[in-house]
Amino acid sequence: MMRTQMVGRLRAADVDSEVTLAGWVAARRDHGGVVFLDLRDASGIVQVVADPETLGDVVHRIGREWVLRVSGTVRPRPEGTVNADLPTGEVEVPVVSIEVLNESEPPPFPLSDRADDVDEVVRLRYRYLDLRRPAMQDNLRLRARVNAALREAMTKQDFVEVETPMLIASTPEGARDFVVPSRLSPGSFYALPQSPQLFKQLLMVGGLDRYFQIARCLRDEDLRADRQFEFMQYDAEMSFADADDVMAVVSEAVSSAIEAVTGKRPGLFGRMTWHDAQERFGSDKPDVRFAMELVDLGVIFAATEFRAFQAPAVKGICVAAQGEASRSTVDALVERAKKLGAAGLVWMRVREEGGTTVLEAPVAKFLSEPEKQGIVATLGAVPGDLVLIVAGERRVTNRVLGVLRLDLGKPVIGGDLAPLWLVDFPLFEAIGSDGRPIPAHHPFTMPHADDLDLLRGGDLLAVRSQAYDLVCSGWELGSGSVRIHQSELQQEIFSLLGISPEEAQDRFGFLLDAFRFGAPPHAGFAFGVDRLVALLAGEENIREVIAFPKTQSGSDPLTGAPSEIDAGQLAELGISLRPRAKGASR
RNA sequence: GGUCCUGUGGUGCAGUUUGGAGUGCACGCCGCCCUGUCAAGGCGGAGGCCGCGGGUUCAAAUCCCGUCAGGACCGCCA
């Protein structure tokens, strides 16, 4: 037997038990006559006490990260030497026998969580050492709990976990595909899945009724703090179900995951229409952990003399307690607003003067007294606040104020995740330069039943879809929709999008074929597991919750990927490389 | 493709604004001392292509140009 127990659970109650422990040396304190070693395993740290006189000089040689196996009888620490900072701090293990299982070179960077700001390339180059840090261990274990909770919640709700293929046909839709050359069909390529979207719909046609998967997805797009080439998606689809059914199932799964991590089950998820999110928060992923909502001031300025406010939309936000922000700070906000596409940004300091609330600003002289009072009343501004107003085209106005709101707002630290369903998305996000509408979701999204007339009648941008997003603390976690399952309606959408029947057949023929054989009404959802885990772990970057992530340029400092392959492999695949465009680098 | 930020012994930083000797701090590492420490302590020591290349200059970590690597963001992510 290698060990009798893990080190982290030793307590006063274990005094007098004989134990054998195995782990890494997290720290050593060599006093000459006595050597203290902090022995670390996956469960924590315990202090062991080594006496060079009985154990020999080897105890002076032992360094950080050496791997030891020690035996001894647990004893209470002497009076006054208890370490309250350690769960095991009441006890220690005097070493009777010691075995060096492996020596270690000194680690290239501190493995303590107190030194958390090491260059990320160094951490990734030695990820196996980085993973020994308790913070990384916690993140990966938290992630495992989330995965387990999601699986359990879905299985309990009668969902069948089905694996879908990684080597699939490329479809020219959506993100850039990662491709894999085919050896047996030189010149042909597989694509790695961007998501199991089409397969899960086929599973519905196949009568699985309720499918889920925690699926690996790959997209060859630029990386970000919340985006990696490959990521994990909780993916679900259900037959004979509407949007509410799907949202209920997903809410249950996400709630279970949150409860598994925090011990606390979240309340009912909020629900907000896309339109409200735009008008109140200037975003399609509103962070509702703080207010500072966008307020429409259009009524106040309906007949204003002030040119800048003679616009389709005049809206403002009230920034609490920032009324005395420096001129340079305010000027920076104006610049920011202009950069975001606003014609300008009107700012006003809210002050108190002789018992009344007044607005002080360069533009104040252009505004009438009722207008100024209207601003204060409508925004609920109090002395000390800063009022920011943008006027212009409604979409731009909302977007600019939404960004400023996020720049200036402060979510409550340690608050709830604030999960929120966003519903009633528009079916099309814009009309392209070719006059064709651009789908907001994907072309299989079911239009809202009440808006079918609009679809056929005219105002395409007003058509709502049966799509829904899950937003958490300002992060877009995922999205889903009711799918079109009738080929007539699907053809209609394709023709609106300018996709000919031949083209549709060419791109998604296998799905359209399947739909001719009694496809059930179905709906589904998918969200990013990495993002949910990062939120729950309090990390701003999903690399912190991925064991072996890639850098922003898509490389892996540990393995050296991506790397060149040898000529033989290329030949076998029937691939020849073009010479490098700009002078060979390697 | 673009904007911005960063790059200095193994690690984290200061030094760059205003050019003047690789000058400094903390940790780690090596050696010696030390029986109650908690990131032990004391004394001593080693360790540098200032990312790389070019330019300006009597002189470059410092100024200029390019380049590489990393990061945040825009584009992109149906």
Side-chain angles (χ1 to χ4, degrees), chain A residues 26-38 45-54 59-61 63-65 75 77-86 88-89 92 94 105-126 129-130 171-177 194-195 197-198 217-229 231 336 339-341 403 407 425 427-430 432 437-445 465 467 476 479 481 493 497 499 507-508 526 528 540-541 543 550-555 557 582-583 585-586:
Chain A
R28 53 171 186 161
R29 294 175 289 280
D30 189 341
H31 291 232
V34 62
V35 179
F36 299 99
L37 299 170
D38 286 345
I45 279 176
V46 75
Q47 172 168 285
V48 303
V49 188
D51 181 355
E53 207 144 295
T54 58
V59 301
H60 291 307
R61 283 212 309 126
R64 280 160 212 272
E65 302 307 319
R75 73 183 179 200
R77 292 203 188 186
E79 189 83 22
T81 64
V82 166
N83 185 349
D85 296 331
L86 275 184
T88 61
E92 63 187 15
E105 291 180 19
F109 60 93
L111 300 191
S112 159
D113 278 340
R114 288 180 231 202
D116 201 21
D117 46 5
V118 175
D119 183 68
E120 206 179 334
V121 185
V122 177
R123 288 177 55 204
L124 293 180
R125 166 79 181 80
Y126 300 96
L129 295 180
D130 193 40
T171 55
E173 292 299 298
R176 192 176 297 115
D177 280 326
Q194 299 174 21
S195 85
Q197 179 65 37
L198 301 177
C217 303
L218 299 105
R219 294 178 189 175
D220 188 4
E221 299 291 349
D222 287 3
L223 292 74
R224 288 281 196 283
D226 62 351
R227 275 166 30 194
Q228 286 269 305
F229 281 154
F231 58 99
R336 178 111 167 107
K339 221 171 178 176
L340 290 165
V403 172
D407 285 350
F425 274 74
L427 189 63
F428 305 110
E429 66 177 23
I438 300 165
H441 199 52
H442 59 58
F444 314 113
T445 305
S465 72
E476 184 196 326
S479 61
S481 64
I493 298 288
L497 296 174
I499 302 174
R507 290 193 199 176
F508 323 106
E540 290 184 356
N541 195 308
R543 292 191 298 271
K550 307 247 183 312
T551 66
Q552 200 167 63
S553 59
S555 68
K582 295 183 272 187
S585 61
R586 267 181 279 196

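Proteins get letters first, then strands, A, B, ... in listed order; numbering begins at 1 in each. None of these values were measured; they are calculated from a predicted model.
When rounded to the nearest whole Å, the span between OH of A:Tyr126 and P of B:rG70 equals 16 Å. When the P atom of B:rG71 is taken as reference, atom NZ of A:Lys550 falls 13 Å away, rounded to whole Å. Protein atom CG of A:Leu37 is 16 Å distant from nucleotide atom P of B:rU35, rounded to whole Å. For A:Asp177 and B:rC76, the CG to P distance is 18 Å, given to the nearest whole Å. Atom-to-atom, CZ of A:Arg28 to P of B:rG41 comes out at 12 Å; the value is rounded to the nearest Å. Spacing between atom NZ of A:Lys339 and atom C1' of B:rC4 amounts to 8 Å, rounded to whole angstrom units. The CD atom of A:Glu476 sits 13 Å away from the P atom of B:rC77 (whole-angstrom rounding). When rounded to the nearest whole Å, the span between CD of A:Glu540 and P of B:rC73 equals 10 Å.
The shortest side-chain heavy-atom distance between A:Asp220 and A:Leu218 does not fall under the 4.5 Å cut-off. At a threshold of 4.5 Å between non-hydrogen side-chain atoms, the residues A:Val118 and A:Asp130 do not count as touching.
Contact of A:Glu92 with B:rG36 (side chain to base): a donor-acceptor pair of N or O atoms is detected under 3.5 Å. For A:Asp119 and B:rG7, a side-chain-to-base donor-acceptor distance below 3.5 Å is absent, hydrogens and geometry of angles not being considered. A donor and an acceptor atom sit less than 3.5 Å apart, one in the side chain of A:Arg224 and one in the base of B:rG75.
Comparing B:rG66 with B:rC58, their P atoms are spaced 24 Å from each other, to the whole Å. Here the separation of B:rU8 from B:rA14, taken at their P atoms, is 11 Å to the nearest Å. Comparing B:rG45 with B:rU23, their P atoms sit 16 Å apart, to the nearest whole Å. When the P atom is compared between B:rC25 and B:rG44, the two are found 13 Å apart, to the nearest whole Å. Rounded to a whole angstrom, the distance from the P atom of B:rA72 to that of B:rG53 is 28 Å. Atom C1' of B:rC50 sits at a distance of 10 Å from the matching atom of B:rG9, rounded to the whole Å. When the C1' atom is compared between B:rG51 and B:rG71, the two are found 15 Å apart, to the nearest whole Å. Nucleotides B:rG22 and B:rC73 place their C1' atoms 36 Å apart, quoted to the nearest Å.
With respect to A:Glu221 and A:Arg227, no salt bridge is recorded, no charged nitrogen being found less than 4.0 Å from a carboxylate O.
Base-pair partner of B:rG47: not found among the strands shown (Watson-Crick or G-U wobble, both distances under 3.5 Å). Nucleotide B:rG12 forms a Watson-Crick or G-U wobble pair with B:rC25, both donor-acceptor distances falling under 3.5 Å. Summarising the base pairing, B:rC4 is matched to B:rG71 through a Watson-Crick or G-U wobble pair whose two defining distances lie under 3.5 Å. Pair assignment for B:rG41: B:rC33, on the basis of Watson-Crick or G-U wobble contacts that are both within less than 3.5 Å. Nucleotide B:rA61 forms no Watson-Crick or G-U wobble pair with any nucleotide shown, as no partner meets the under 3.5 Å limit on both distances. The partner of B:rG66 is B:rC52, judged by Watson-Crick or G-U wobble contacts that both fall below 3.5 Å.
With distances taken from any side-chain atom of A:Val118 to the nucleotides B:rU11, B:rC38, B:rG70, the minimum falls on B:rU11. Side-chain proximity of A:Arg64 to B:rG12, B:rC29, B:rG75: nearest is B:rC29. With distances taken from any side-chain atom of A:Asp222 to the nucleotides B:rG1, B:rC29, B:rG70, the minimum falls on B:rG1. Checked against B:rU37, B:rA72, B:rG75, the side chain of A:Arg29 finds its nearest nucleotide in B:rU37. Side-chain proximity of A:Gln552 to the nucleotides B:rG70, B:rU11, B:rG71 is greatest for B:rG71. Residue A:Arg227 places its side chain closer to B:rG75 than to any other of B:rG75, B:rG36, B:rG71. With distances taken from any side-chain atom of A:Asn541 to the nucleotides B:rA72, B:rG70, B:rC38, the minimum falls on B:rA72. When distances run from any side-chain atom of A:Ala225 to the nucleotides B:rC38, B:rC73, B:rU11, the shortest one goes to B:rC73.
Nucleic acid contact class of A:Gln197 (heavy atoms, under 4.0 Å, all strands): base. At the heavy-atom level, A:Arg123 lies nowhere under 4.0 Å from the strands shown. Residue A:Arg75 is in base contact, counting any heavy-atom pair closer than 4.0 Å across all strands shown. When heavy atoms are screened at a 4.0 angstrom cut-off, A:Pro78 is found touching base atoms of the nucleic acid.
The minimum heavy-atom distance between A:Pro52 and A:Gly33, with the atom names listed, is CD-O, 3.3 Å.
For the OP1/OP2 pair of B:rC4 and a distance below 4.0 Å, the side-chain nitrogens and oxygens of A:Arg336 include no atom meeting the criterion. The side chain of A:Ser553 contributes an N or O atom lying less than 4.0 Å from OP1 or OP2 of B:rG70. Checking the phosphate oxygens (OP1, OP2) of B:rG70, a side-chain nitrogen or oxygen of A:Thr551 falls inside 4.0 Å. Using a 4.0 Å cut-off, some side-chain N or O of A:Ser555 falls inside it from OP1 or OP2 of B:rG70.
By the 5.5 Å and 30° criteria, A:Phe36 is stacked with the base of B:rU37. For A:His31 and B:rA40, the ring-to-base geometry satisfies the stacking test (centroid distance below 5.5 Å, interplanar angle below 30°).
Between A:Thr81 and A:Val121, it is A:Thr81 whose nearest contact on RNA chain B lies nearer the 5' terminus. Residues A:Glu221 and A:Asp30 each lie close to RNA chain B; by heavy-atom proximity, the contact nearer the 5' end of the strand is made by A:Asp30.
The aromatic rings of A:Tyr126 and A:Phe109 are tilted relative to each other, their planes meeting at an angle between 30° and 60°.
The distance from the CD atom of A:Gln552 to the CZ atom of A:Arg543 is 7.0 Å, given to the nearest 0.5 Å.
In this structure, A:Glu540 places its CD atom where only 12 or fewer heavy-atom neighbours from other residues, nucleotides or ligands lie under 6.0 Å away.
The side chain to side chain donor-acceptor pair (under 3.5 Å) search around A:Gln47 returns A:Arg29, A:Glu92, not counting sequence neighbours. Under the side chain to side chain contact (heavy atoms under 4.5 Å, CB included) criterion, A:Gln194 pairs with A:Ala175, A:Asp177, A:Arg219, not counting sequence neighbours.
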